[in-house]
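Labels below follow one simple rule: chain letters A, B, ... track the order of the sequence lines, proteins then strands, and each chain is numbered from 1. Keep in mind that the numbers below use all heavy atoms, side chains included, and drop hydrogens, waters and symmetry copies.
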Protein chains: 2
Amino acid sequence: MYIYKVIKPTRKQEIIQVAATLFKEKGYSAVSMRDIAQAMHIKAASLYNHISGKQEILSTLILEVAEAFTTEMSAITAETLPTLKKIERVIEIHIDITVNYSENIATLNNDWMHLEGDDLKQVVKMREAYEENFRRIIKQGLSQGEIKPQHPEVILFSILSTLRNLYLWNEKRGKMDVNVLKKDMVAVLIKGII
Amino acid sequence: MYIYKVIKPTRKQEIIQVAATLFKEKGYSAVSMRDIAQAMHIKAASLYNHISGKQEILSTLILEVAEAFTTEMSAITAETLPTLKKIERVIEIHIDITVNYSENIATLNNDWMHLEGDDLKQVVKMREAYEENFRRIIKQGLSQGEIKPQHPEVILFSILSTLRNLYLWNEKRGKMDVNVLKKDMVAVLIKGII
DNA sequence: CTACAAAACTAACGATTGTTAGTTAAAGTT
DNA sequence: AACTTTAACTAACAATCGTTAGTTTTGTAG
């Protein structure tokens with residue numbers, strides 16, 4: 001189906017990957033440049049041959065995954081599908097992105113406020129746009145009677161909370177097949193537990 | 001129903017409250033003792049007349065709310081109720097505690113790993129016990145047929161994710177009555193959206 | 001008014017922070 | 001072999017960190 005080409009990551013990408021793992025464990029502010037360097041078995045000053053600073057690591061990590069969400073959500077919005085199918089799609093893309101960007105999502109969720117300048121503005125804007133798209137889907141479902149009459153913000157909040165925290169579950173999920181997880185998650189979030 | 005007595009908080013409690021607000025905004029590691037002091041219009045060194053250090057603020061904040069959860073969950077476990085009623089109770093106590101301890105929960109969720117020594121061990125233990133209690137309730141519901149056959153970990157994870165993130169929603173909720181929120185949240189989490 | 005406790009202050013400490021400058025060693029290219 | 005690029009290094013910087021010591025101010029009870 002797909003052809004994969006294994007590309008050796010640049011040194012910069014390696015640094016960002018290592019930093020992401022540390023950020024996920026202890027948070028951006030608690031990880032020093034020396035911590036990142038030590039994890040790569042080099043000195044802190046050497047990092048600056050590849051990156052402009054700590055802030056670049058943060059913004060790269062966050063913008064990468066934020067753009068992934070924005071792209072996928074736009075695609076869903078553009079499609080003509082029943083509301084429930086759209087919500088299913090939202091759940092599925094969250095799971096897909098979480099599997100591939102677990103550390104990025106941890107940093108997006110927990111450390112977005114440490115972004116500076118335009119990066120901060122952009123990420124806040126993307127998040128608001130994302131939520132607004134999701135909100136519209138839910139409201140459409142309500143007005144068309146596909147969704148039981150309930151406070152749309154409660155629905156939005158509860159689904160989004162679960163999806164945004166999937167990254168915390170990536171180890172335990174480990175043995176669970178992604179497609180099974182998607183099916184189960186769709187069932188629980190949409191049809192409830194009784 | 002209740003008799004409230006307004007007690008003037010000690011200076012120590014004021015410090016912890018102010019620190020909690022800052023921790024919620026930027027996280028424990030990104031808040032300095034000088035930040036906390038400035039928010040109280042005093043100098044950092046003055047804080048040490050009332051507290052032993054930054055770590056004491058963290059552990060006080062976290063242990064306070066962790067014990068609240070443990071106490072309430074034990075009460076639910078001890079009761080003899082149908083599974084669904086128990087899950088309803090879990091949702092309700094989460095909302096109640098979130099309303100009263102919003103900042104503490106933010107710190108518990110995001111900065112527990114910065115606890116040290118026995119405090120860290122104790123909090124991890126309490127969280128595991130809490131999850132295990134919830135898991136048992138769900139499994140009982142499954143075995144008695146009160147809950148649709150589904151992966152118990154998926155149910156546990158999705159409900160708990162939503163409840164643990166309620167603190168993020170405390171402003172928007174603002175105008176929403178607590179009892180209405182409880183009813184809506186129970187409905188969405190248990191009966192789903194269709 | 002005095003005495004005492006509470007709570008603020010100034011000044012400084014050693015450690016750690018992100019980052020810069022300048023240099024050196026290895027790897028790849030001509 | 002000479003040259004260039006890549007990626008490491010040492011040393012150090014100014015700023016900030018949590019915290020301590022010692023002193024002064026403020027508020028309250030006798």
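Listed by first and then second residue, the salt bridge (Lys or Arg N to Asp or Glu O under 4.0 Å) pairs that reach into residues 136-160 of chain A are A/Glu132-A/Arg136, A/Arg135-A/Glu153, sequence neighbours excluded. For residues 160-194 of chain B, the pairs satisfying ring pair (Phe, Tyr, Trp, His ring centres under 6.0 Å) are A/Phe157-B/Trp169, with sequence neighbours left out. Identified under the salt bridge (Lys or Arg N to Asp or Glu O under 4.0 Å) test for residues 64-80 of chain B, with sequence neighbours left out: B/Glu79-B/Arg89. Contacts classified as side chain to side chain donor-acceptor pair (under 3.5 Å) and involving residues 39-52 of chain A (residues at least two apart or in different chains) are given here: A/Ser52-A/Glu56.
When the side chain to side chain donor-acceptor pair (under 3.5 Å) test is applied to B/Lys54, no partner is found at least two apart in sequence or on another chain. Residues passing the side-chain contact (heavy atoms from CB on, under 4.5 Å) test with B/Ala19, sequence neighbours excluded: B/Phe23, B/Ile36, B/Ile57. Considering only residues two or more places apart in sequence or on other chains, A/Gln122 meets the side chain to side chain donor-acceptor pair (under 3.5 Å) condition with none of them. For B/Glu171, there are no side chain to side chain donor-acceptor pair (under 3.5 Å) partners at least two apart in sequence or on another chain. With sequence neighbours excluded, no residue satisfies side chain to side chain donor-acceptor pair (under 3.5 Å) with B/Thr98.
Rounded to an integer number of Å, the gap from B/Gln38 CD to C/dA8 C1' is 16 Å. C/dA7 atom P lies 13 Å from atom CD1 of B/Ile51, rounded to whole Å. Atom CD1 of A/Ile57 and atom C1' of C/dT19 are 13 Å apart (whole Å). The nearest whole Å value for the distance from the NZ atom in A/Lys43 to the C1' atom in D/dA8 is 11 Å. The CZ-C1' distance, from A/Arg11 to C/dA26, rounds to 14 Å in whole Å. Here C/dA7 presents its P atom at 11 Å from CE of B/Met40, a figure rounded to the nearest Å. Atom CD1 of A/Ile36 and atom C1' of C/dT19 are 13 Å apart (whole Å). A straight line from CG of B/Leu47 to P of C/dA7 spans 13 Å, rounded to a whole angstrom.
Atom NZ of B/Lys182 sits in a crowded spot, with more than 12 heavy atoms from other residues, nucleotides or ligands closer than 6.0 Å.
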Check the interface with nucleotides 18-25 of chain D: list each N/O to N/O pair with the protein under 3.5 Å, or write none.
| unit_1 | atom_1 | unit_2 | atom_2 | d |
| --- | --- | --- | --- | --- |
| D/dG18 | OP1 | B/Lys54 | NZ | 3.0 |
| D/dG18 | OP2 | B/Met33 | N | 2.8 |
| D/dG18 | N7 | B/Arg34 | NH1 | 2.8 |
| D/dG18 | O6 | B/Arg34 | NH2 | 3.0 |
| D/dT19 | OP2 | B/Tyr48 | OH | 2.7 |
| D/dT19 | OP2 | B/Lys54 | N | 2.9 |
| D/dT19 | O5' | B/Tyr48 | OH | 3.3 |

Anything under 3.5 Å between a protein N or O and an N or O of nucleotides 4-6 of chain C, put it in a table, one pair a line.
none

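Taking the six-membered ring where the residue is Trp, the centroids of A/Tyr101 and A/His94 are separated by 6.0 Å or more.
Within residues 109-117 of chain A, no residue has any heavy atom closer than 4.0 Å to DNA chain C.
In terms of phosphate contacts, A/Ser46 brings a side-chain nitrogen or oxygen within less than 4.0 Å of OP1 or OP2 of D/dC9.
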